[in-house]
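Notes follow once the structure below has been shown.
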Number of protein chains: 2
Amino acid sequence: MRFLLVEDNGELAEAVSNRLALDGHAVDHAGSLAEAEHCLAATSYDLILLDVMLPDGDGRDFLARSRAHLETPVIVLTARARVTDRVGALDQGADDYITKPFDFSELEARVRAVLRRRGGSARNEIPLGEALFDPMSGTLRAGGESVTLRNRETRLLEVFARHPGQTFSKGQLLDRLFSFDAEVTENAIEVYVGRLRRRIGPLGLRIETVRGLGYRLETAPA
Amino acid sequence: MRFLLVEDNGELAEAVSNRLALDGHAVDHAGSLAEAEHCLAATSYDLILLDVMLPDGDGRDFLARSRAHLETPVIVLTARARVTDRVGALDQGADDYITKPFDFSELEARVRAVLRRRGGSARNEIPLGEALFDPMSGTLRAGGESVTLRNRETRLLEVFARHPGQTFSKGQLLDRLFSFDAEVTENAIEVYVGRLRRRIGPLGLRIETVRGLGYRLETAPA
DNA sequence: ACAAAGCTGACACGGGCCTGACACGTCTCG
DNA sequence: CGAGACGTGTCAGGCCCGTGTCAGCTTTGT
């Protein structure tokens, strides 16, 4: 998928680009509305991430102008959390909004949600061994059993579920779960792996420890 | 279903279109009576939403003229809440009226009501577990018990009832329940969920809190 | 055996959620 | 027209849950 990121904060833009690139998306970066227009004229995108505060105007005005002749879904990035801002954005054609500062996992989740909504498929549950995992609601079902995970646990399991068999280091998991300026210890990962293990164990899922390297999700019994 | 919206306020028209599109309707927009005539000549519609204040005349006159040779149901949008206005509209052939500013949920409800009335089907009650919910009258019956909900509570329950099992965030509920320019706190949703819980609890219905995500209606006991 | 790496029970904190109370506007009667 | 009833949205305070850290323990590799 090809995204256009319209954001004047270079550092944040860099971080978002890198993150979305990890999921296999190509991200073009525009620092202003003028640049954005230029990019949109040059090629077509699957998704636009649009900041509202830009050096040469308000992103929402741009959105209102472009919406008529623009099919591409748009997610608005806003620093303000006021209701009027949000409603205004949605009315002017945004598909979703997210308030800064946001965690990367949050951004990824919304990107997927918007793409899926546009794509038309109702919901996507990921098969995990005998179980079915719904990363949107954070539920895991197997047989008659059903478990509801907490937010962070859901994001953690999602990383493993979307990259079957892959081993992730604690550093990688940390980068994927938290926003780029969050100061969190690697120990937190250990804690969450532990909590997640306790939850998904009864459903036949295991997280293997690869000493010195990281963790790996095992769907089949050893 | 294909609707014709006759409304000269572009922003409002856009918002209404988007909202009704979410329910799977196609909405054509006319900014004046002349445009409306043109659209009506070109194709046929299942419902007309008609503003009364238009740049080239009064919508009610238009309605009176057209009624004779127009089968299509009409909902009149009026800014004035005076009783005489309403009565006048209904006399001249409107199927319903709604006063601006209106909430989207209200509009949706009236649209459904008019379509159903025209369609001939008597009333549609939604089964909710052991209970029957009538979103028009806002009554909920189960066994011998019967509860009458207030307006907002009815709209809220309706959202859940029409999307079984789905989880709605407070933001989503806010967008669905209130008009696009209303400045309402998300706390209002919490309050209404609380009030609704107290009402429907005795009838065996529960609203689950999904912390950090939103709310979900549970029809079966845990 | 002894570091280093990983695990986990306990805890403090922050924020999301809930609720009683209130203020405001509207409608309905007398 | 005035008084009361009702529906609605806000606010403040309190509760409770998710979260991240720490300290001490266990496991693993050499």
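Given the structure is predicted, the values throughout are model-derived calculations rather than measurements. Lettering of chains follows the sequences in order, A, B, ..., and the numbering in each one begins at 1.
Between the CZ atom in A:Arg176 and the CD atom in A:Glu158 there is a gap of 10.0 Å [rounded to 0.5 Å]. Taking CZ from B:Arg112 and CZ from B:Arg110, the interatomic distance works out to 12.0 Å, rounded to the nearest 0.5 Å. To the nearest 0.5 Å, the span separating CZ on B:Arg206 from CD1 on B:Ile200 amounts to 10.0 Å. Here CG of B:Asp134 is found 8.5 Å from CD1 of B:Ile126. Values are rounded to the nearest 0.5 Å.
Taking atom CG on B:Asn151 and atom P on D:dT8, their separation rounds to 5 Å, with Å as the unit. Rounded to whole Å, atom P of D:dG18 lies 11 Å from atom CG of A:Leu149. Atoms CG (B:Leu173) and P (C:dC17) sit 12 Å apart, rounded to a whole Å. Going from atom CZ of B:Arg198 over to atom C1' of C:dC17 covers 14 Å, rounded to whole Å. What separates CD of B:Glu190 from C1' of C:dG15 is a distance of 11 Å, to the nearest Å. When the C1' atom of C:dG16 is taken as reference, atom CG of B:Leu174 falls 16 Å away, rounded to whole Å. Going from atom CD of B:Glu153 over to atom C1' of D:dG9 covers 13 Å, rounded to whole Å. What separates CZ of B:Arg197 from P of C:dT19 is a distance of 7 Å, to the nearest Å.
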### Query
Where do B:Leu128 and B:Leu203 land on the side chain to side chain contact (heavy atoms under 4.5 Å, CB included) test, with the steps shown first?
CA-CA 10 Å; B:Leu128 247 38; B:Leu203 296 182; over 6 Å; no
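Using modelled atom types, no side-chain atom of A:Thr185 and backbone atom of A:Ala188 make a donor-acceptor pair closer than 3.5 Å.
The phosphate of C:dA5 has neither OP1 nor OP2 within less than 4.0 Å of any side-chain N or O from A:Thr209. OP1 or OP2 of D:dT21 has at least one side-chain nitrogen or oxygen of A:Thr185 nearer than 4.0 Å. Side-chain N/O atoms of A:Lys170 include one lying less than 4.0 angstrom from OP1 or OP2 on C:dG6. Residue A:Tyr215 places no side-chain N or O under 4.0 Å from the OP1 or OP2 atom of C:dA5.
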Show me the protein contacts with nucleotides 22-24 of chain C, counting only N or O atoms at under 3.5 Å.
none

Below 3.5 Å between N/O atoms, which protein atoms pair up with nucleotides 23-30 of chain D? Just atom names and distances, please.
| from | atom 1 | to | atom 2 | distance (Å) |
| --- | --- | --- | --- | --- |
| D:dT28 | O2 | A:Arg211 | NH2 | 3.4 |

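Comparing B:Gly214 and A:Gly194 by the nucleotide of DNA chain C that holds the closest heavy atom to each, the one mapping nearer the 5' end is A:Gly194. Residue whose closest nucleotide on DNA chain D sits further toward the 5' end, between A:Arg150 and A:Glu186: A:Arg150.
Looking at the side chain of B:Ala188, the nearest of the listed nucleotides D:dT8, D:dG20, D:dT10 is D:dT10.
Side-chain contact of B:Arg197 with B:Thr209: a donor-acceptor pair under 3.5 Å is present, judged by distance alone. Between A:Asn151 and A:Thr154, the side chains place no donor N or O within less than 3.5 Å of an acceptor N or O (distance only, hydrogens not considered).
With ring centers used as reference points, B:Tyr215 lies 6.0 Å or more from B:Phe168.
For A:Tyr192, there are no ring pair (Phe, Tyr, Trp, His ring centres under 6.0 Å) partners two or more places apart in sequence or in a different chain.
Residue-level contact check: B:Val193 touches neither bases nor backbone, having no heavy atom under 4.0 Å from any strand.
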